[in-house]
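Residues take their numbers from the sequence shown, with the count starting at 1. Quick caveat, the model's predicted, so the values are computed rather than measured.
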Amino acid sequence: VQLQASGGGLVQAGDSLRLSCAASGRIYSSKVVGWFRQAPGKGREFVAAIRWGSGIRYYEDSVRGRFTISKDSAKNTVYLQMDSLKPDDAAVYYCTMGNHYGTTQNVYDNWGQGTLVTVSS
């Protein structure tokens with residue numbers, strides 16, 4: 001299964017943006033699908049994840065309450081709705097999939113290409 005991320009762009013602080021991650025095939029209920037981000041000069045950090053079967057969601061503290069991860073099982077697609085964007089949210093956002101939930105990259109073994117989010121102040 002390949003993951004295709006899209007939806008990045010240039011927005012102003014306070015604006016909203018929705019990222020999509022479309023899988024090329026079926027996502028099984030045992031999978032966890034997530035988003036990481038990497039700002040220039042920084043490591044890749046966890047943003048949010050969702051358990052495909054149960055729909056349980058996880059968020060990094062700095063985005064909780066502003067970002068919402070959701071899924072469309074019929075489309076095998078995960079969304080990341082990002083509201084009240086801040087300049088610190090600017091990064092390349094990557095979608096990923098794995099067999100377990102975790103906040104470190106090594107937990108996930110399937111990565112899509114990134115989509116760039118730029119937030120101007």
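Put simply, the side chain of Leu19 does not reach to within 4.5 Å of the side chain of Tyr79, judged on heavy atoms. Between Asp109 and Asn99, some side-chain heavy-atom pair lies under the 4.5 Å cut-off. Contact annotation: the side chain of Thr96 never approaches that of Asn110 to less than 4.5 Å [non-hydrogen atoms, C-beta and beyond].
Between Met97 and Val1, the closest heavy-atom pair is CE-CG1, 4.1 Å. The two residues Trp35 and Ile69 make their nearest non-hydrogen contact at CD1-CD1, 3.8 Å. Closest approach of Pro87 and Ala13 over heavy atoms only: CD-CB, 4.1 Å.
At least one donor-acceptor pair under 3.5 Å links the side chain of Thr115 to the backbone N or O of Gly8. Here the side chain of Ser20 pairs no donor or acceptor atom with the backbone of Ser6 at under 3.5 angstrom. For the pair Gln38 (side chain) and Lys42 (backbone), a donor-acceptor distance under 3.5 Å is present.
When the options Leu17, Thr118, Asp15 are evaluated for a side-chain contact (heavy atoms from CB on, under 4.5 Å) with Leu10, the one that passes is Thr118. Paired with Gln105 under the rule side-chain contact (heavy atoms from CB on, under 4.5 Å), one option of Trp111, Tyr94, Phe46 passes, and it is Trp111.
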Report task. Start with the C-alpha distance between Tyr58 and Tyr101, add both sets of side-chain angles, then the distance that settles ring pair (Phe, Tyr, Trp, His ring centres under 6.0 Å), and finish with yes or no. Result -> CA-CA 9 Å; Tyr58 307 89; Tyr101 163 68; 3.7 Å; yes

side-chain hydrogen bond (donor to acceptor under 3.5 Å, both in side chains) between Arg37 and Tyr93, worked out: CA-CA 4 Å; Arg37 65 186 179 186; Tyr93 283 70; 3.0 Å; yes

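Between the side chains of Asp83 and Ser16, at least one donor N or O lies within less than 3.5 Å of an accepting N or O.
In this structure, Val11 is not a member of the same hydrophobic cluster as Val92, with clusters built from ILVMFWY side-chain heavy atoms closer than 4.5 Å. Under the 4.5 Å side-chain heavy-atom criterion for Ile, Leu, Val, Met, Phe, Trp and Tyr, Val78 and Tyr28 are members of distinct hydrophobic clusters. Criterion: ILVMFWY side-chain heavy atoms under 4.5 Å apart, direct or through other members. Under it, Ile27 and Tyr108 are not part of a common hydrophobic cluster. Residues Val107 and Tyr59 fall into different hydrophobic clusters, defined by Ile, Leu, Val, Met, Phe, Trp and Tyr side chains chained together at heavy-atom separations under 4.5 Å. Side-chain heavy atoms closer than 4.5 Å link hydrophobic residues (I, L, V, M, F, W, Y) into clusters, and following such links, even through other members, never connects Val32 to Val47.
Here the CZ-SG distance, from Phe36 to Cys95, works out to 11.5 Å after rounding to the nearest 0.5 Å. Of the inter-residue distances, the one linking Lys71 atom NZ with Lys31 atom NZ reads 15.0 Å to the nearest 0.5 angstrom. The line from CG of Asp88 to CG of Leu85 is 11.0 Å long, rounded to the nearest 0.5 Å. Annotation: the span from Thr68 atom OG1 to Arg18 atom CZ amounts to 11.5 Å, rounded to 0.5 Å. A distance of 13.0 Å separates OG1 of Thr104 from CD of Glu45, quoted to the nearest 0.5 Å. Distance CZ/Arg51 to CD1/Ile56: 6.0 Å, rounded to 0.5 Å.
Taking a 6.0 Å sphere around CD of Gln113, one finds it holds more than 12 heavy atoms contributed by other residues, nucleotides or ligands.
Using a 4.0 Å cut-off between a side-chain N of Lys or Arg and a carboxylate O of Asp or Glu, Lys86 and Asp89 do not qualify as a salt bridge.
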